[in-house]
> 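Have a look at this one.
What you see below is based on every heavy atom in this structure, not just the backbone, and it leaves out hydrogens, waters and symmetry mates. Letters go in sequence order (proteins before strands), and every chain restarts at 1. Values in this document were obtained by computation on a predicted structure and should not be read as measured data.
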Amino acid sequence: MVSFYDTRRRAVVPFEPLVEGRVSMYVCGPTVYDDPHVGHARTALTFDMMRRYLQWRGFEVTFVSNITDIDDNIINRASETGTTEPELAARYEQVYIDQMDRFGIARPDHRPHATEYVAEMLDFIGGLVDRGAAYSIKGKGVYFSVAAHHRYGDLIGRTPEELREGAGARVEVDVEKADPLDFALWKAAKPGEPMWDSPWGPGRPGWHIECVAMATDLLGETFDIHGGGDDLAFPHHQNEVAEAEGAELGFARHWIHGAMLNVNGEKMAKSLGNFTTLSDLLDAYEPQVLRLLMLQTHYRTVMELSDDALAGASGALDRLRAWHRRAVAAGLDPSAKHDAAAVARFTAAMDDDFGTPAGLAVVFDLVREANAALDAGDTDRAATAHSTVSDLTGALGLALASDDQAGDDALAAEVERLLAERGEARKNKDFASADRIRDDLAARGIVLEDTPAGTIWRKS
RNA sequence: GCGCCGGUGCCCGAGCGGACUAAGGGAGUGGCCUGCAAAGCCAUGAUUCACGGGUUCAAAUCCCGUCCGGCGCUCCA
């Protein structure tokens with residue numbers, strides 16, 4: 001049975017879907033005002049992994065992830081760069097989508113935009129006002145009344161009193177608000193800002209309300225999983241909970257948060273000068289290397305990103321691919337029946353809070369056994385391991401087939417010709433000629449592997 | 001300052017009181033295989049899990065304290 005850590009319940013709990021065999025999940029997407037960085041990639045990968053695993057496990061998954069295309073950051077950035085908010089948001093949304101595609105993150109089933117949901121948000125806010133869970137302040141907007149939500153703070157295990165202390169200590173309290181914890185549902189527009197008409201005057205929606213509107217519209221008033229980065233738990237997700245429960249919606253049955261990522265021992269931040277865009281990283285390392293590295297760390301552990309770590313993952317990926325090449329060269333049956341014991345171990349690891357590190361350990365154990373089996377000439381066992389490895393890596397979104405030989409037919413033809421020549425030389429024990437060919441190819445970035453089934457080549 | 005989460009071999013990282021004789025990966029070293037390589041296989045590596053106390057028959061795993069790091073309390077994946 002699938003189980004995972006539920007932030008709100010503070011424990012690993014069994015997953016009992018609302019509808020048998022189905023999973024509805026909503027994951028907070030980015031505010032599109034800048035290039036996505038590696039941290040965005042980690043969160044996206046965390047939920048991509050969960051989605052793929054649940055699908056592999058037989059669930060029909062509906063996955064929604066939004067685009068926040070109106071917010072302070074967008075407004076500020078647009079004015080800084082002399083463009084309009086819609087143009088800026090559209091540009092960075094495209095960059096986000098391109099980079100996530102490049103990283104191999106499956107596209108969501110629905111990708112709603114905040115600006116498409118203003119009418120729904122206004123309805124929602126009106127409902128909260130009618131229920132007495134929200135109030136308006138003339139010229140400022142509409143605020144949610146935290147007093148109306150007795151459990152406020154429960155998502156992160158804090159009481160309203162504790163939160164007020166923190167708020168008072170750190171944030172300038174707006175004296176007009178009834179409670180320092182009250183937060184904006186609707187913000188009155190300042191001159192020159194994008195605005196929509198509302199019963200409370202022209203303005204724009206607050207951040208939290210958009211996710212409530214979009215999630216419930218696309219997934220229903222109650223849905224299975226709401227996810228996001230750890231830094232969103234408070235206040236964003238807590239406020240979503242307050243809003244939804246203020247309107248008496250069931251809302252998310254489970255909350256999942258993915259841990260942050262550090263670069264060279266430090267938080268990644270522009271101010272520290274270690275801000276790594278996903279684009280830059282993917283220029284330097286293959287997407288699969290980054291995916292493997294992230295999967296080798298549990299999603300709730302703060303992970304370290306460094307050149308050493310990346311190099312390590314690169315080596316690990318090479319090992320997986322080398323096995324795959326070898327299996328293909330040996331003509332192993334890719335549809336051989338799976339190793340049930342290994343699949344069971346993998347499933348147990350993953351069912352326990354998406355234990356990808358342990359799941360990968362099963363895969364690597366299998367690869368070692370498979371290599372040994374092939375060394376020993378046991379092709380049946382090797383084929384079983386091969387098909388199992390492919391199945392399990394597939395569940396994790398890792399593609400082992402490399403396109404090392406693709407894209408250049410002329411080169412491929414030439415290499416094949418040289419390999420034939422070298423093969424002839426080796427047969428005649430003319431190793432000097434054979435080695436010269438291999439060295440020449442190596443100088444051109446072509447690596448050879450001699451196997452009983454023939455010589456395999458690939459780009460290094 | 002308050003709250004939460006961490007500190008495990010050269011590196012990344014699992015581990016959630018008893019098969020820990022601490023998973024898995026990377027790097028290193030020795031051996032096997034190979035004409036030689038590459039790939040692969042085998043072997044080797046923490047008497048120790050930040051530090052100091054404590055609980056327990058039993059602790060990396062629980063409790064207390066100290067030091068260090070991260071996150072949240074403010075836009076944030």
> Classify the ring geometry of A:Phe15 against A:Phe4: parallel below 30°, tilted from 30° to 60°, perpendicular beyond 60°.
tilted
> Could you check, using the six-membered ring where one of them is a Trp, whether A:Trp56 and A:Phe346 have ring centers closer than 6.0 angstrom?
yes
> For the residue pair A:Phe183 and A:Tyr152, categorise the inter-ring angle as parallel (less than 30°), tilted (30 to 60°) or perpendicular (more than 60°).
parallel
> Under 4.0 Å from OP1 or OP2 of B:C5: is there any side-chain N or O of A:Thr301 that close?
no
> Whole Å only: how far is the CD atom of A:Glu210 from the P atom of B:C75?
14 Å
> Can A:Arg91 and A:Asp34 be counted as an ion pair, charged N to O under 4.0 angstrom?
no
> Less than 4.0 Å between a side-chain N and a carboxylate O, is that true for A:Arg102 and A:Glu286?
no
> For A:Met121 versus A:Pro205, what's the shortest heavy-atom pair and its separation?
SD-CB, 3.5 Å
> So A:Thr46, base contact, sugar-phosphate only, or nothing? Heavy-atom distance under 4.0 Å.
nothing
> Expressed as a whole number of Å, how far does the P atom of B:C63 sit from that of B:G3?
16 Å
> In terms of ring plane angle, is the pair A:Trp255 and A:His257 parallel, tilted or perpendicular, where the classes change at 30° and 60°?
parallel
> Is it true that a side-chain atom of A:Thr159 and a backbone atom of A:Glu162 form a donor plus acceptor pair closer than 3.5 Å?
yes
> Below 4.0 angstrom, N of the basic side chain to O of the carboxylate: do A:Asp450 and A:Arg422 qualify?
yes
> Considering only atom C1', compute the distance from B:G15 to B:A23 and round it to an integer number of Å.
8 Å
> To the nearest angstrom, how far is A:His237 atom NE2 from B:G72 atom C1'?
13 Å
> Check the distance between B:G13's C1' and A:Leu305's CG and give it to me in whole angstrom.
14 Å
> Heavy atoms under 4.0 Å is the rule here; annotate nucleotides 17-22 of chain B 5' to 3' with B where the base is hit, S where only the sugar-phosphate is, and - elsewhere.
------
> How close or far is atom P of B:C4 from atom CE of A:Met260, stated in whole angstroms?
19 Å
> Scan nucleotides 25-40 of chain B nucleotide by nucleotide, 5' to 3', and note B when protein non-hydrogen atoms come under 4.0 Å of the base, S if they reach only the sugar-phosphate, - if neither.
SS--------BBBBSS
> What's the gap between B:G17 and B:G26 when it is taken at their C1' atoms, as a whole Å value?
31 Å
> May I ask you to list the residues of residues 61-73 of chain A, by number, that have any heavy atom positioned under 4.0 Å from an atom of RNA chain B?
A:Asn73
> To the nearest Å, give me how far apart CD (A:Glu304) and C1' (B:G6) are.
13 Å
> Between B:G24 atom P and A:Leu392 atom CG, what is the distance in whole Å?
17 Å
> Calculate the interatomic distance between A:His236 atom NE2 and B:U74 atom C1'; express it in whole Å.
15 Å
> Looking at the base of B:A77, is there any donor atom on it, or on the side chain of A:His257, that sits under 3.5 Å from an acceptor on the other one?
no
> Between atom CZ in A:Phe183 and atom C1' in B:C75, what is the gap in whole Å?
16 Å
